[in-house]
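Every chain is numbered from 1, with letters handed out A, B, ... down the list of sequences. Hydrogens, waters and symmetry mates play no part in the numbers below; they use all other heavy atoms, side chains included. All values derive from a computational prediction rather than experimental measurement.
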Amino acid sequence: MPLLSSMYLRLRLRNMYQGTKSNSQRFVSKSTTQSSESKVNGVSSEGITSADNVQKPQRYTKMRTKTAALGGKNLVEHVYHILEQVKWGPAAEAALDNLNCTLGVYHGNQILKRLQDHTVARGFFYWLKRQPGFKHDEHSYTTMVGILGRARQFNAINSLLDEMVEDGSFPNVVTYNRMIHSYGRANYLDEALNVFYQMQEAGCEPDRVTYCTLIDIHAKAGFLDVALNMYRRMQEAGLSPDTFTYSVIINCLGKAGHLDTSYQLFSEMIAQGCTPNLVTYNIMIALQAKARNYPCALRLYRDMQTAGFEPDKVTYSIVMEVLGHCGYLEEAEGMFTEMKQRNWVPDEPVYGLLVDLWGKAGEVDKARGWYQAMIQAGVRPNVPTCNSLLSAFLRVHRFSDAYDVLQSMPSLGLNPSLQTYTLLLSCCTDTQYLSNMGVCCELMAISGHPAHAFLKSMPAAGPDGQNVREHANSFLDLMHSEDRESKRGLVDAVVDFLHKTGLKEEASSVWEVAAQKNVYPDVVREKSSLYWLINLHVMSDGTAITALARTLAWFRRQILMSGAVPMRIDIVTGWGRRSRVTGSSLVRQSVKEMLNIFEFPFYTESGNTGCFVGCGESLNTWLLHPYVERMHLL
DNA sequence: ATAGGGTTAG
């Protein structure tokens with residue numbers, strides 16, 4: 001095994017069993033102590049007389065330490081394995097009582113740290129607290145705060161803190177940091193900041209971890225200004241960033257779109273003598289890769305190796321993706337091989353990536369090969385991977401292979417998702433003559449997704465379209481917990497489908513409901529007073545036409561109702577969702593045609609041919625034409 | 001006396 005991999009494993013093991021190697025003797029288990037003594041020393045404990053005791057005090061102490069440490073380790077393992085398998089309840093409690101031994105706070109905390117389930121952890125924590133002579137300290141309270149925080153049990157944390165103080169222990173900087181982290185991760189940023197101020201009032205100085213956590217959570221929530229402000233305050237407090245902090249900030253800046261600044265900071269850290277670690281390099285590579293600066297990403301990858309770091313699983317995954325997106329698919333496969341040679345066990349997403357890459361490259365048989373390799377390796381495919389393969393077959397019209405994939409999903413325990421349905425539906429409208437329609441409809445029926453029932457039971461639009469709106473409304477309610485991207489994908493496919501099959505009124509009603517339900521939050525925006533943006537660039541062409549028609553009609557109604565006349569409207573089409581060739585956009589083309597037919601007074605600004613601008617008196621006059629209300633029927 | 005917290009991908 002290569003050096004770094006085995007080091008990694010050792011580290012993992014050390015973390016897993018952290019503490020069990022330490023020489024604690026706080027608790028004594030009568031039964032285990034005795035058996036350990038006889039095993040380890042080769043003499044029964046009865047053989048040790050009080051005379052030995054007096055004569056050889058040193059040896060005795062040493063021996064006791066050793067045996068107690070072994071007993072402690074065993075007991076920690078033993079108790080942990082009991083608790084790992086149970087739900088908290090009378091049975092678990094009885095099992096602990098039956099152990100009939102005393103756990104000290106140190107070992108109690110070692111066990112607590114490893115418990116994942118917060119109900120078990122809590123039960124154990126209070127069981128410990130009830131043991132005669134037991135007293136929790138700031139460490140065990142802090143551990144419990146962390147566990148509750150991970151489970152977002154904020155009320156429980158607050159009562160625990162009260163108890164802690166009553167019990168005579170006080171929160172320290174680690175306790176506060178864990179609270180800040182917990183609140184931040186649950187997106188309660190105000191509460192996180194509150195803790196930050198409270199700790200200082202309580203006389204606890206924030207440390208580097210405090211600032212680092214605050215920077216991270218604020219940047220992730222999109223408050224880069226607050227994050228950078230915290231960075232400044234950290235430096236003002238005399239805390240210089242370490243490798244960890246630099247990595248966090250570099251990641252934050254990069255993710256917030258300040259790629260150059262993040263790179264500058266990377267250079268700065270090196271200039272400051274702060275050595276980037278593997279994670280820092282992984283972050284840098286991923287940031288450049290996401291920005292499609294592939295040569296830069298690959299250069300960083302080489303720098304990383306020059307600096308003496310062997311790639312880890314994360315590195316391999318990122319670099320494989322970069323190579324794949326550059327079109328170097330064989331090289332990506334080479335990475336996979338290297339990764340395996342270095343004893344990293346490929347997981348589902350890595351196989352999934354290769355399936356997806358080959359599928360997108362149109363090499364469906366390669367894609368299927370990786371899919372089969374995954375199954376042979378005993379890795380169960382997930383729904384997105386099936387979707388990748390399915391999509392690959394659909395794109396090259398291999399419908400019987402697509403059918404096989406779809407058919408196999410339930411037997412793998414996988415339910416077709418909203419995305420599965422979306423790509424089947426998109427396939428219906430993919431060709432000019434809708435020639436895929438029949439076979440795709442069959443596949444859609446097989447998927448058994450609720451979206452199919454929704455589409456099949458779509459009523460013909462009544463005079464005001466209210467029936468369609470209600471129908472769409474209840475379907476979107478059903479899809480409530482799906483994330484917005486997925487909902488947007490499906491609505492896009494549905495509206496496009498309805499539009500292209502001539503059901504324009506229905507398409508419009510579905511669009512309106514989706515817009516009302518905030519599925520498209522960024523479509524209409526007032527950039528500044530009376531200056532509006534209509535952003536169509538994430539839509540397929542049918543949806544873009546429908547959305548534009550209904551939005552312009554909305555402006556007309558606004559004028560008639562309130563007299564508020566927009567001074568300028570920018571219609572942004574971008575490159576369009578379906579366009580695969582830079583510069584040619586179906587959305588742009590369709591939108592332009594529509595605007596021309598209705599004689600919308602637009603111009604394009606130099607350098608941005610994807611943006612149609614209407615403004616001034618001509619726009620106002622145009623918006624008042626009655627046909628604006630019926631454009632969507634074209 | 002021991003220990004405890006913060007970062008990266010899909």
Face-to-face contact A:Tyr106 to B:dA3 six-ring, under 5.5 Å, under 30°: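 No.
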Check: A:Asp137 side chain, B:dA3 base, donor-acceptor under 3.5 Å: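 Yes, a donor-acceptor pair under 3.5 Å.
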At less than 4.0 Å, is any side-chain N or O atom of [X] found next to OP1 or OP2 of [N]? Yes or no.
| X | N | answer |
| --- | --- | --- |
| A:Lys220 | B:dG6 | no |
| A:His107 | B:dT2 | no |
| A:Lys113 | B:dA3 | no |
| A:Arg114 | B:dA3 | no |

Calculate the interatomic distance between [X] atom [atom1] and [N] atom [atom2]; express it in whole Å.
| X | N | atom1 | atom2 | answer |
| --- | --- | --- | --- | --- |
| A:Met179 | B:dG6 | CE | P | 15 Å |
| A:Ile147 | B:dG4 | CD1 | C1' | 11 Å |
| A:Met234 | B:dG6 | CE | C1' | 11 Å |
| A:Ile180 | B:dG4 | CD1 | C1' | 15 Å |
| A:Ile318 | B:dT8 | CD1 | P | 11 Å |
| A:Glu138 | B:dT2 | CD | C1' | 13 Å |
| A:Asn172 | B:dA3 | CG | P | 13 Å |
| A:Leu287 | B:dT7 | CG | P | 16 Å |

A:Phe154 atom CZ, over 12 foreign heavy atoms within 6.0 Å: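 Correct, the count exceeds 12.
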From C-beta outward on [X], which listed nucleotide comes closest to its side chain: [options]?
| X | options | result |
| --- | --- | --- |
| A:Ser317 | B:dG6, B:dA9, B:dG4 | B:dA9 |
| A:Lys290 | B:dG6, B:dG10, B:dG4 | B:dG10 |
| A:Asp347 | B:dT7, B:dA9, B:dG10 | B:dG10 |
| A:Thr142 | B:dG6, B:dG4, B:dA9 | B:dG4 |

When we call it a touch if two heavy atoms are under 4.0 Å apart, what does [X] touch: a base, just sugar-phosphate, or nothing?
| X | answer |
| --- | --- |
| A:Glu348 | nothing |
| A:His139 | base |
| A:Asn109 | base |
| A:Arg150 | nothing |
| A:Ser140 | nothing |
| A:Asn382 | nothing |
| A:Thr143 | nothing |
| A:Leu353 | nothing |

Where A:Gln419 and A:Ser486 come nearest, the two heavy atoms and their spacing: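 It is NE2-OG, 3.2 Å.
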Atom of A:Leu189, atom of A:Gly184 and distance for their closest heavy-atom approach: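 Between these two residues, the closest heavy atoms are CD2-CA, 4.1 Å.
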Ring center gap for A:His139 and A:Tyr141 short of 6.0 angstrom: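 No, they do not, as the ring centres are separated by 6.0 Å or more.
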Donor-acceptor under 3.5 Å (A:Gln305 side chain, A:Pro311 main chain):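 Looks like no, no N/O pair under 3.5 Å.
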Ring geometry between A:Trp127 and A:Phe124 (parallel below 30°, tilted from 30 to 60°, perpendicular above 60°):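 Rings of A:Phe124 and A:Trp127: parallel, under 30°.
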